[in-house]
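Notes for the one structure printed next.
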Amino acid sequence: MKEYLYSAFREAENKIPELKEISISFDVPKSIEHGDLSSNAAMLLTKRLKKNPKVIAQEIIDALELNKSVISKVEIAGPGFINFFFSKDYVTKIIKEILDKKDKFGKSDKFKGKRANVEFVSANPTGPLTVGHGRNAVVGDTVANLLEWIGYDVEREYYFNNAGRQMRVLGDSVKYRYLEILGDKIEFPQDYYQGEYIKDIAMQLFIKYGDSLRNEDPESIFKDTAEQEIFFDIKKSLANLGINHKIFFNENSLYEEGKINELLKTFKEKNLTYEKDGAVWLKLSELGQPEDKVMVKSSGEPTYRLPDIAYHSVKLQRGYDLLIDLFGSDHNATYPDVMAGLKAIGYDSSKVKVLIHQFVTIMDGGEVVKMSTRKANYITLDELNGEVGKDVVRYFFNMRNINSHMFFDLSVAKKQSDENPVFYVQYAHARINSILRRVKEEQLEVSINHLELLSHEDEQALLKTLHQFSEEVLLSAKELETHRICTYLYELAAAYHKFNRTSRILGTERHLAEARLTLAYATMIVIKNGLSILGVSAPEEM
RNA sequence: GCGCCCGUAGCUCAAUCGGAUAGAGCAUCAGCCUUCUAAGCUGAGGGUUAGUGGUUCGAGUCCACUCGGGCGUACCA
């Protein structure tokens, strides 16, 4: 609906040139009394024109050449809002568009030809994915979906590190459990991985190799087997949620391909490094960061910053127009250094968008569950998925703004899953399918021939909600905010349930019945499209 | 101490670039099924948007400070 008004305002700029100086926007007013779309342009111009906003509003209205068949009424209200009321005909037209585009309705080609990379999950293979990783996984995949909906060619990527201290401890942990199975009496160190899965891997090795591995290095077969098994499980957990990464990027390849040394050399050439206490420091303080940081430890090992910068430069070299990083708030201190480093060596760091989600606090029966992979005190993503199902997991994690901390009460999720909003949305979809099955007996058909009969306020409200879908997708994708889709779908479902109550189909005069049926059918398409962005199923029966 | 995020109804959360009377769900209370799924609908109660000050036609939203919470602040990743 906004498009029409934007172009009308653009034409009005000829008569009121000051309109060019402000950013024109249209809001959907909270109350229907204030029309379908509202503009605050007059109020924004009060200073420039030094006139009463209501007077300016009238001048704007006079300058606009509006088609009566689109805009039925324009009003000045409140302190100077210009409220536009759309004609019934125009509002109804959306049905034709939906029927025409079907599962493509809401998609846009605004960013067609652009390439994006979304890096998410990126957990090292030291243990199963927990509920905490779930938020990252679901939001990352949904952000990727959103970008695809506005035209991007998207690649999903998983960055991991199978070297380093964490993985050494993993190998050691497996070896200790293996020795336990062989009957050795050892005290399992507290800071080793305590999870049952370590014992399972050790047992597998015992079954396969007997006691022949007693003298093997923990970093060889023990670590390698653990990595393989754990990664297999991680991928399976993700696949169970409909998530499939195209690229698994091993940090180690950056070393093997000399990218780390290359980067270090570049920094040195640009005179951005110095040595102190046997370590190599990057002059981040000269790059707008609070303090210099160590890139290469005195031991000769790089810190995580160096590979992180190298990794991002490699990704930028691949030619993406947009790079998304998604990680938890525990990493919030690391990315400014990476961005500063990238910028210093000539990359366009504005292509990198870092999304940081706040933590998920797991509750069980009102009690906080402290999570630690090391201590094996956690609820796995698989367990959660098994309890409540993919649809609930995906909807739930997408529901909230990632800037907010999120409470996940397991006992509530299990016990009251019936009351989860995802069912409310899915139920609307199922209800529509139900009526579609029923009308076959009545020989009613989906038809655009009598849509002008849709005049009930609940029908009009539903139509206007349908109008907003495309804009909502575009906005959600631009802002990289998945929760907006959930909010929208909930409103759409509510509008449908209301309509379902007041605008009955069976037992109604044929033309009106078919018009309503067609509206319901269009609603079904939009609900299904919205749910598909979230990766949530649209059941035909519940 | 410093940096990032947060503080909205009893609970969990929305709120478009700063817009009009701050909205939903859960919970509580009162209604609605011989009619397309009651996993639904209608209504009621519930708020000094943590606090103080500022910016302006207008602030939950922006700025400053205070209080409270989360995460960081390594030659760990």
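We name chains A, B, ... by the order of the sequence lines, and we start the count at 1 in each one.
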- For the side chain of A:R484, counting heavy atoms from C-beta on, which of B:A77, B:U16, B:A20 is nearest? B:U16
- Touch class at under 4.0 angstrom, heavy-atom based, for A:M406 against every strand present: sugar-phosphate
- Are side-chain N/O atoms of A:Y496 and A:E491 paired as donor and acceptor at under 3.5 Å? no
- Taking only the side-chain heavy atoms of A:R504 (C-beta and beyond), determine which of B:C36, B:C75, B:A20 contains the nearest atom. B:C36
Check nucleotides 4-8 of chain B against the protein and report each pair of N or O atoms closer than 3.5 Å, with its distance, or say if there are none.
| from | atom 1 | to | atom 2 | distance (Å) |
| --- | --- | --- | --- | --- |
| B:C5 | O2' | A:Q358 | NE2 | 3.2 |
| B:C5 | O2' | A:N403 | O | 2.7 |

- Can you tell me if A:N403 and A:H357 form a side-chain donor-acceptor pair at under 3.5 Å? no
- Message: Would you measure the distance from the P atom in B:A22 across to the matching atom in B:C26 and give it in whole Å?
- Response: 22 Å
- Query: Side chain of A:Y424: nearest nucleotide among B:C41, B:A77, B:A20?
  - Reply: B:C41
- Query: Is it true that a side-chain atom of A:E509 and a backbone atom of A:L512 form a donor plus acceptor pair closer than 3.5 Å?
  - Reply: yes
- C1' gap between B:C41 and B:A24, integer Å: 15 Å
- Query: Taking the C1' atom of each, how far is B:U66 from B:U28, in whole Å?
  - Reply: 36 Å
- A:K478 side-chain N/O to B:C17 phosphate OP1/OP2 under 4.0 Å: no
- Item | Assigned glycosidic conformation for B:C63 [threshold 90° from 0] | anti
- Query: Picking from B:G72, B:C36, B:C75, which would you name as closest to the side chain of A:A333?
  - Reply: B:G72
- Query: Testing A:T487, A:L462, A:V425 for side chain to side chain contact (heavy atoms under 4.5 Å, CB included) with A:L492, which one passes?
  - Reply: A:L462
- Message: Whether A:H483 contacts B:A15 is assessed here as follows: a side-chain N or O lying under 4.0 Å from the phosphate OP1 or OP2. Is that the case?
- Response: yes
- Look at the side chain of A:S299 and the base of B:C75, then say whether one donor and one acceptor between them are separated by less than 3.5 Å. no
- Item | d(CZ, A:F396; C1', B:U12) in whole Å | 8 Å
- Note on the structure: On a heavy-atom basis, the closest approach of A:H312 and A:D308 is ND1-O, 2.8 Å
- Message: Suppose you measure atom C1' in B:C67 against the same atom in B:G10; what distance do you get, rounded to whole Å?
- Response: 22 Å
- Query: A:M43 side chain: which of B:G19, B:U21, B:C75 is closest?
  - Reply: B:G19
- Query: Considering only the C1' atoms, how many Å lie between B:U56 and B:C17, rounded to the nearest integer?
  - Reply: 16 Å
- A:S122-A:E119 side chain donor-acceptor pair, cut-off 3.5 Å: yes
- Message: Should A:F81 be counted as stacked on B:A20, where stacking needs a ring-centre gap under 5.5 Å and an angle between planes under 30 degrees?
- Response: yes
- Query: Where the side chain of A:N161 is concerned, which of B:A77, B:C36, B:G40 is the nearest nucleotide?
  - Reply: B:A77
- Query: Between B:C36 atom C1' and A:L517 atom CG, what is the distance in whole Å?
  - Reply: 10 Å
- Query: When we call it a touch if two heavy atoms are under 4.0 Å apart, what does A:A77 touch: a base, just sugar-phosphate, or nothing?
  - Reply: base
- Query: With sugar-phosphate meaning primed atoms plus P, OP1 and OP2, does A:K30 contact a base, only sugar-phosphate, or nothing at under 4.0 Å between heavy atoms?
  - Reply: sugar-phosphate
- Side-chain donor-acceptor pair present, A:H497, A:R431, cut-off under 3.5 Å: yes
- Message: Measuring from the side chain of A:M542 (C-beta onward, heavy atoms only), which nucleotide among B:A77, B:C13, B:A39 has the closest atom?
- Response: B:A39
- Task: Indicate, yes or no, whether a donor-acceptor pair under 3.5 Å links the base of B:G19 to the side chain of A:N40.
- Result: yes
- Query: Can you find an N or O donor on one side and an acceptor on the other, under 3.5 Å apart, linking the side chain of A:D27 with the base of B:A20?
  - Reply: no
- Query: Would you call the rings of A:F327 and A:H331 parallel, tilted or perpendicular, where under 30° means parallel and over 60° means perpendicular?
  - Reply: tilted
- Message: Please find the pair of heavy atoms, one from A:I198 and one from A:Y193, that lie closest to each other, and give the distance.
- Response: CG1-O, 3.7 Å
- Report yes or no: do A:E227 and A:N162 form a side-chain donor-acceptor pair below 3.5 Å? yes
- How would you label the contact of A:N401 with the nucleic acid (heavy atoms, under 4.0 Å): base, sugar-phosphate, or nothing? sugar-phosphate
- Message: Can you tell me if A:K498 touches the phosphate of B:U42, counting only side-chain N or O atoms and a distance under 4.0 Å to OP1 or OP2?
- Response: yes
- Message: Taking B:A50 as the reference, what is the distance to B:G69 when you measure between their P atoms (whole Å, please)?
- Response: 16 Å
- When we call it a touch if two heavy atoms are under 4.0 Å apart, what does A:N83 touch: a base, just sugar-phosphate, or nothing? base
- Do any of residues 486-496 of chain A sit with a heavy atom less than 4.0 Å from RNA chain B, and if so which? A:T487, A:Y490
- Do any side-chain nitrogens or oxygens of A:K2 fall under 4.0 Å of OP1 or OP2 in B:U16? no
- Query: Hey, does A:S122 reach any base, or is it just sugar-phosphate, or nothing, if we go heavy atoms under 4.0 Å?
  - Reply: nothing
- Would you mind telling me which of B:C13, B:C75, B:A20 lies closest to the side-chain atoms of A:R400? B:C13
- Which of parallel (below 30°), tilted (30 to 60°) and perpendicular (above 60°) describes A:H511 and A:H450? parallel
- Answer with yes or no whether the side chains of A:R394 and A:T142 bring together a donor and an acceptor at under 3.5 Å. yes
- Enumerate, in order of first residue number, the stems that involve RNA chain B, defined as 3 or more consecutive Watson-Crick or G-U wobble pairs with both distances under 3.5 Å. B:1-7 with B:67-73, B:10-13 with B:23-26, B:28-32 with B:40-44, B:50-54 with B:62-66
- Query: Of all the choices, B:C36, B:G40, B:C75, which nucleotide is nearest to the side chain of A:R431 once you look at every atom?
  - Reply: B:G40
- Item | C1' spacing across the pair B:C29 / B:A59, given as an integer number of angstrom | 35 Å
- Item | Any side-chain donor near an acceptor of the partner, A:S285 and A:D292, under 3.5 Å | yes
- Would you kindly say whether A:Q426 and A:D391 are connected by a side-chain donor-acceptor distance under 3.5 Å? yes
- Heavy atoms under 4.0 Å, any strand shown: does A:F407 hit a base, just sugar-phosphate, or nothing? sugar-phosphate
- Message: Please compare A:H331 and A:F499 by the position of their nearest nucleotide in RNA chain B and report the one closer to 5'.
- Response: A:F499
- Item | B:C6 versus B:A15 - spacing of their P atoms, nearest Å | 12 Å
- Task: Decide, yes or no, whether a salt bridge links A:K73 with A:E75 under the criterion of side-chain N to carboxylate O below 4.0 Å.
- Result: yes
- Message: At 4.0 Å (heavy atoms only), tell me whether A:T361 reaches a base, stays on the sugar-phosphate, or touches nothing.
- Response: nothing
- Nearest-Å distance, CD1 (A:I32) to C1' (B:G23)? 16 Å
- Query: NA contact type, A:V439, heavy-atom cut-off 4.0 Å: base, sugar-phosphate, or nothing?
  - Reply: nothing
- Touch check for A:D277, heavy atoms < 4.0 angstrom, all strands: base, sugar-phosphate only, or nothing? base
- How about A:S503 and A:D458: does a side-chain donor come under 3.5 Å of a side-chain acceptor? no
- Specify the residue among A:E301 and A:E481 whose closest nucleotide of RNA chain B lies further upstream toward the 5′ end. A:E481
- Task: Mind checking A:R438 for me? I need base, sugar-phosphate or nothing, with any heavy atom below 4.0 Å counting as a touch.
- Result: sugar-phosphate
- Task: Look at all strands and tell whether A:I22 reaches a base, only sugar-phosphate, or nothing, counting heavy atoms closer than 4.0 Å.
- Result: nothing
